[in-house]
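Accompanying notes for the structure given below.
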Amino acid sequence: MAITLGPNQYGKAEVRLVTVRRDGPVHHLKDLTVSTSLRGELAATHLTGDNAGVLATDTQKNTVYAFAKEAPVGEIEDFGLRLARHFTGMQDNITEARVKIDEHGWDRIAVGGEPHDHAFSRSGDERRTTAVTVRGDRAWVVSGIDGLTLLKSTGSEFHGFPRDQYTTLAETGDRILATAVTARWRYQGGDIDWAASHGEIRRVMLETFATKHSLSLQQTLYAMGEAVLTAREEVAEVRLSLPNKHHFLVDLSPFGLKNDNEVFYAADRPYGLIEGTILRDDAEDPGPAWDLH
Ligand SMILES: O=c1[nH]c(=O)c2[nH]c(=O)[nH]c2[nH]1
């Protein structure tokens with residue numbers, strides 16, 4: 001029996017980086033979680049413990065902090081590309097670098113209705129994400145959104161599904177539809193305004209969720225991805241993971257009360273999990289494999 005080393009990568013996971021830009025009384029905050037992964041010719045360290053080709057994960061972490069000081073962090077896609085190009089340029093045996101970044105939002109606290117200069121409150125669960133991969137002089141950028149919770153209180157139906165001996169779910173022509181969006185989109189082409197693109201993709205997805213009359217969460221998922229690809233030519237492919245955050249009508253009949261779609265039990269588990277990819281048939285080469293998380 002022969003045993004060989006299969007695919008492998010290594011790096012520092014979840015480097016927490018907060019920067020304060022203090023170029024006047026109004027401070028600007030960036031709050032990032034950065035993970036690095038390096039790939040290449042790394043057999044020696046696995047097979048013999050020879051670490052000559054191992055750029056230490058501690059050095060990778062320090063590089064993240066040093067880069068944040070040496071130049072403004074800017075958009076997470078640009079910061080990720082700078083780091084990934086640096087890592088692949090350091091040693092011949094490191095041929096591919098992937099840098100994943102989550103950006104956590106902060107809002108300025110309003111004091112007397114005015115945004116404060118240097119006091120902030122966390123914007124909630126939503127995170128902007130990116131994963132950049134650099135191989136030689138090529139780069140692939142997959143950006144996205146995590147934890148964007150949405151709900152519509154009407155405009156959603158679910159019926160026409162098969163019934164067997166285990167089916168209890170009632171058909172409905174009017175239900176709450178709620179989800180927490182995990183979205184990833186793969187960029188193609190060059191010279192992209194990352195912040196503007198993120199803002200527009202987010203807006204298009206939200207507007208579609210709000211306005212598309214839904215016959216299933218699957219239909220809503222496709223419509224959201226299709227709307228992004230229609231509106232944004234820099235996007236080659238969209239992947240969505242949408243938990244169906246069920247809201248069940250509470251039976252109020254024991255209390256002699258009628259429930260006119262007004263009182264719900266918000267279940268946290270189990271939940272339906274609807275996932276899908278929407279892509280152009282003429283999309284550019286997808287590059288190295290990537291997933292939603
Ligand atoms: O939008 C939905 N899609 C399903 O596949 C499904 N299954 C289910 O029980 N409820 C729903 N809702």
Side-chain angles (χ1 to χ4, degrees), residues 102 124-129 142-186 198-232 235-255 257-281 283 286 289-293:
D102 289 349
D125 287 340
E126 183 179 345
R127 287 159 324 271
R128 180 175 158 186
T129 74
V142 174
S143 294
I145 292 172
D146 278 348
L148 171 60
T149 303
L150 309 178
L151 181 149
K152 60 196 286 186
S153 53
T154 191
S156 166
E157 311 180 29
F158 189 64
H159 46 75
F161 49 87
R163 306 200 76 86
D164 65 17
Q165 66 270 41
Y166 303 119
T167 305
T168 56
L169 184 70
E171 308 222 333
T172 173
D174 190 2
R175 65 174 182 174
I176 285 181
L177 186 64
T179 190
V181 176
T182 298
R184 295 288 182 274
W185 51 88
R186 177 165 62 83
H198 171 93
E200 280 302 295
I201 291 167
R202 184 181 186 281
R203 183 184 64 74
V204 165
M205 286 199 299
L206 290 182
E207 282 189 11
T208 307
F209 177 84
T211 57
K212 173 83 185 170
H213 186 93
S214 177
L215 298 178
S216 66
L217 187 50
Q218 288 89 330
Q219 186 199 27
T220 297
L221 177 149
Y222 184 80
M224 289 167 70
E226 182 186 41
V228 170
L229 291 180
T230 303
R232 309 300 307 179
V235 177
E237 172 182 344
V238 180
R239 295 185 192 175
L240 290 167
S241 176
L242 302 181
N244 191 353
K245 296 171 85 70
H246 303 298
H247 288 67
F248 296 116
L249 267 186
V250 178
D251 179 8
L252 299 175
S253 61
F255 323 120
L257 297 170
K258 190 157 170 278
N259 193 345
D260 287 325
N261 244 352
E262 289 176 312
V263 181
F264 297 86
Y265 163 62
D268 68 340
R269 64 191 70 173
Y271 49 90
L273 185 58
I274 313 300
E275 302 188 288
T277 301
I278 305 95
L279 67 171
R280 297 181 191 281
D281 56 9
W290 54 277
D291 58 32
L292 280 154
H293 301 286

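As the structure lists them, so they are numbered: ligands from 1, and atoms in each ligand from 1.
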Could you tell me whether the side chain of Asn259 and the main chain of Leu252 form a donor-acceptor pair under 3.5 Å? no
Main chain of Gly272, side chain of His246: is a donor-acceptor contact present, judged purely on distance under 3.5 Å?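 Present.
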Could you tell me the residue and atom name of the protein heavy atom closest to [atom], and the distance to it rounded to 0.1 Å?
atom	result
atom 9 (O) of ligand 1	Leu169 CD2, 3.4 Å
atom 3 (N) of ligand 1	Gln218 OE1, 2.9 Å
atom 10 (N) of ligand 1	Phe158 CE2, 3.5 Å

Determine the minimum heavy-atom distance between Ala180 and Thr149, stating which atoms define it. CB-OG1, 3.8 Å
Under 4.0 Å, heavy-atom basis, I'd like to know which part of Arg175 is in contact with ligand 1: side chain, backbone, both or neither. side chain
Logged contact type for Asn244 with ligand 1, heavy-atom cut-off 4.0 Å, is side chain
Show the atoms of ligand 1 that are less than 4.0 angstrom away from any heavy atom in Ser216.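 Listed by number with element: 1 (O).
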What atoms of ligand 1 come within less than 4.0 Å of a heavy atom belonging to Leu217?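 Matching atoms, with element in brackets: 1 (O), 2 (C).
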According to the interplanar angle, ranging from 0 to 90°, do the rings of Tyr265 and Phe248 count as parallel (below 30°), tilted (30 to 60°) or perpendicular (above 60°)?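 Geometry flag for Phe248 against Tyr265: parallel rings.
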Electrostatic pair Glu226-Lys212, nearest N-O below 4.0 angstrom: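 Looking at Glu226 and Lys212, the cut-off is not met.
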Leu249: which of Thr172, Asn261, Ile176, Asp260 passes side chain to side chain contact (heavy atoms under 4.5 Å, CB included):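 Of Thr172, Asn261, Ile176, Asp260, side chain to side chain contact (heavy atoms under 4.5 Å, CB included) with Leu249 is met by Asn261 alone.
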